[in-house]
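Naming convention: chains lettered A, B, ... in sequence-line order (proteins, then strands); numbering from 1 in each chain.
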Number of protein chains: 2
Amino acid sequence: MAGEPVEGTTGSLLATDPATGEEVGPAFGLVDAAQIEAATRAAEAAFDAFRSQSPAERGAFLRRIADNIDEIGAELTARAVRETGLPEARLEGERGRTVGQLRMFADVVEQGDALQARIDPALPDRLPAPRPDLRQAQVPLGPVVVFGASNFPLAFSTAGGDTASALAAGCPVVVKAHNAHPGTAELVGQAVARAVADSGLPGGVFSLLFGGGNEIGQTLAADPRVKAVAFTGSRAGGLALMRTAAARPEPVPVFAEMSSSNPVVILPGALTGDAAEDLARAYVGSLTLGAGQFCTNPGLVLVPATPDGDRFFAAAERLVSEATGQTMLTGPIASARTAGADSLAAEPDVDTVATGSAGPGPNALAPMLLATGLKSFTTRPRLQQEVFGAVGLLVRYPADGQSAEALADALAEALEALEGQLTATLHAGPGSEDDAVVVRRLLPVLERKVGRILFGGWPTGVEVTHAMVHGGPFPATSDPRGTSVGSLAVHRFLRPVAYQSVPDAFLPPALQEANPWGLNRRVDGTVAPAEDRA
Amino acid sequence: MAGEPVEGTTGSLLATDPATGEEVGPAFGLVDAAQIEAATRAAEAAFDAFRSQSPAERGAFLRRIADNIDEIGAELTARAVRETGLPEARLEGERGRTVGQLRMFADVVEQGDALQARIDPALPDRLPAPRPDLRQAQVPLGPVVVFGASNFPLAFSTAGGDTASALAAGCPVVVKAHNAHPGTAELVGQAVARAVADSGLPGGVFSLLFGGGNEIGQTLAADPRVKAVAFTGSRAGGLALMRTAAARPEPVPVFAEMSSSNPVVILPGALTGDAAEDLARAYVGSLTLGAGQFCTNPGLVLVPATPDGDRFFAAAERLVSEATGQTMLTGPIASARTAGADSLAAEPDVDTVATGSAGPGPNALAPMLLATGLKSFTTRPRLQQEVFGAVGLLVRYPADGQSAEALADALAEALEALEGQLTATLHAGPGSEDDAVVVRRLLPVLERKVGRILFGGWPTGVEVTHAMVHGGPFPATSDPRGTSVGSLAVHRFLRPVAYQSVPDAFLPPALQEANPWGLNRRVDGTVAPAEDRA
């Protein structure tokens, strides 16, 4: 906490190996309300020093975190495997993603466009009145609370995307560790704390807290020093944080990434020849990847009730039957998957098509494939509820003997009935004019419903780039104007401040006439590239 | 409504001339719940057609609205004078600001940077896996409800900044007219509706509703088709809308601009020589401008208890005593000013320094000047409550016989105790090293508290430019990441969508390889200016 180890006072927490159910030491002490307040006070106290860093200093700080995480790689992987049941190769890859993400934000900070410097020079001769000099730059919101996610113990947790983007913005961060991987969190937290100290920053720039139950989350979201909340997790958890943050004397934004079924629409033209079998193989691979524990898991696939569609259906049925369950992250997550799948399977007009085999250990549930018809799906909102895990729902739609226009209308109606989603995927035949008619009708619907539209492929890979959007309308997230993956994520934690007639000596460097940080700045509405960039 | 006149069903509304208390015809019919729903349904139905306009088409549409408003200029001014009691010259100026604002947003739309196009090209040879083509652009949120403001019947009402920026984003707009100026609203609404029709757009792009009480506002904010709310008005009104929008099954953002006392800190060095008298004159001018009915009215002035400060104090006292009240916008606003001023004056340690003369008519309240000491102000939050109108509170701070550092600390403590504000203003002596010490200490505090920092001058002029921020932390606004004045305002109504591996033929024009709209686009994180701009 704020660079110093602190002994929790309200009990302790042991990790559980989900592959065996065994407890794993050491014990992590849980904080009390006074300790939470100490962490947010330290974050507040560190804010002005942290936000006044130059782009070069902030970039170096972020790179130091990445280097420190790379240094503990082997130990970190071993601990994370133990706590999450995820395979070693996956965790090695996730560490690469995590440090790559930190270095991307270092690039973004050093490049400086995120400050969005704007200058409208004075017009002393303007009539009827002169225009004053006006300048604008983005400043950080203040201390941010980040909730570690269960399903990405590295990339969406202690030093994951939310933390990296908040630090990149200049916001001190208080992380509430996910109780499923406390040892992993602690290792990463120490790596961050070392980077804070080695950068000469006050310790309050970063704290990592362990706490029991949901109360610590509510306490953090209600803390008056906290100016934004970032969360990845369940819909119930995100909604609770949104309510708390909205009910504060000073409401603050919550960026919660919650719930998505990630519909995939396979159009008739995409299933010709060998494609049906290949697509089914790719689908089941995406559905069962990481035990289906991805926010972008393809929970819904719309497939035509045609001979080609039947081949896809039969192949998917066979492949899921042959699939073996992988260990899920925690016992409660596995229980929730069982309850969610049972509830979906018990709905009228939903058939259980295939059930794979359970894997070894208590939490390696068998993958499942369910099916329903388009009409039931369109009219019954319960059928679009996300089941977190390897449980897929195939929605068969009639496609033979109707025009492309009629098909487009029927599919558009089904997609209109969807809640907001992180992603939607269209598979269309490259040369099919009929498919193109449907695509043109569906794209505007999807643009209103989702954060990312894919053509072909499967949604489970989320690239960390400048154009990525991992976000979307409610309930996919609490604020469709943000993304939690990709460089745009930094903008969630920034707000604009204008400076009117402020003398150069008092202006922040981003806005000084000499442009000491070498920024691209928007002058009178048009970006003027820096003449002399470092 | 949606381009067609509709007869209200639930009673009617007459304007009142606040200068005389007389009712002014004609009567405007008030809508019922079904009519509200019809308006939002029409907005939703118009959304896809409206948002698919090219930048050139959208720009032409906004210019057409401006032209139509210019055309009815004389009639509009006459009606607005009658309904608001504001002087003709002010309303002429406000019309200029309104059409200028529409044309600025036309420039912004045509220039295209607001779409923030981003392209990360595919990397087919990347290892261990290829990177897909990823593209991102901003899309509009959907139908927006705008609440007309009482104090700017043109620039913050029917076709004011919120409407202009929402339309610029591509969002259909439903305006709830302010009941204080229905005739003004109707004239402007017809000008907008003509532009909608002449641009070949569906009528649902714009509707103007008249309604009684607060219920219509809550109904609109709760309407599932509405995707954002923009409001300028009282804190109670803004908070009610925030609550309603947060409690919806699908919560939506509310951009409420509510409450600000706009602190002005006059440092000792700014008061030497003739400056005290000049500053006092400028202060009282800003305080009483438009009967003090500006969001940025300087309600709080911190002034040193020094001989120079006493000269400022005495001059302000004299000038307010000599000032005559102007007609306020409505009877209820005048009553609220009376109640607020009485309540403030009744606080312990608050002295009534000067009271001017009431003007003619029922609502031309006398300007008032109150005073208190720094310690009382710092410790008693009630003293910073905004009184909407020409009521100023002078806060005298001890300045003689203490170091610049001690003064800086005392003032910083007072400013730390403030709620979020739209503006803060510093007056410092140009050559004063002591003042500079204080300024350096206060600037970081102000950056955390306000949306716009001024050096010298007074906050009541809000330029409509690219670098302006008319926003700030709660309760100045409901979302400090926005502004309701200036070109940045359009971003409130946009959200990002990513397109992964989408064939060029299906991409929106902003992201097509040939760049048909000639946009500056960010490629792999760096803005690549369009090679061939139209």
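- Residues B:Arg448 and A:Asp48 have side chains in contact (heavy-atom distance under 4.5 Å, counting atoms from C-beta outward).
- For A:Val502, the parts lying under 4.5 angstrom from a heavy atom of chain B are both the backbone and the side chain.
- Contacts of A:Val523 with chain B are absent, with no heavy-atom separation under 4.5 Å from either backbone or side chain.
- To the nearest 0.5 angstrom, B:Leu134 atom CG is 8.0 Å from A:Leu454 atom CG.
- Put simply, the side chain of B:Lys227 does not reach to within 4.5 Å of the side chain of A:Pro473, judged on heavy atoms.
- A donor-acceptor pair under 3.5 Å is formed between the side chain of A:Arg51 and the backbone N or O of B:Pro444.
- Using a 4.5 Å cut-off between heavy atoms, A:Arg135 touches chain B through its backbone atoms (N, CA, C, O) alone.
- Side-chain atoms of A:Arg522 and B:Leu488, non-hydrogen and from C-beta on, never get closer than 4.5 Å to each other.
- Inter-residue side-chain proximity for B:Asn520 and A:Val527 is flagged as unmet; no heavy-atom pair is nearer than 4.5 Å.
- Taking 4.5 Å as the limit, some side-chain heavy atom of A:Glu447 sits within range of a side-chain heavy atom of B:Tyr499.
- With a threshold of 4.5 angstrom between heavy atoms, A:Pro459 does not approach chain B through any atom at all.
- With a threshold of 4.5 angstrom between heavy atoms, A:Phe47 approaches chain B through side-chain atoms but not through N, CA, C or O.
- A:Pro253 touches chain B through its side chain: at least one heavy atom from C-beta onward sits under 4.5 Å away, while N, CA, C and O do not.
- Looking only at side-chain heavy atoms (C-beta outward), A:Glu463 and B:Asp120 stay at 4.5 Å or farther from each other.
- Contact annotation for A:Arg126: only side-chain heavy atoms (C-beta onward) come within less than 4.5 Å of a heavy atom of chain B.
- Note that the CH2 atom of A:Trp458 and the CD atom of B:Gln500 stand 13.0 Å from one another [nearest 0.5 Å].
- A:Met104 does not touch chain B: none of its heavy atoms, backbone or side chain, sits under 4.5 Å away.
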_Intermediate values then yes/no, side chain to side chain contact (heavy atoms under 4.5 Å, CB included), B:Asp479 and A:Arg481_ = CA-CA 13 Å; B:Asp479 187 340; A:Arg481 291 170 299 148; 3.3 Å; yes
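- Interatomic distance, OG of A:Ser501 versus CG of B:Leu426, reported as 12.0 Å (0.5 Å rounding).
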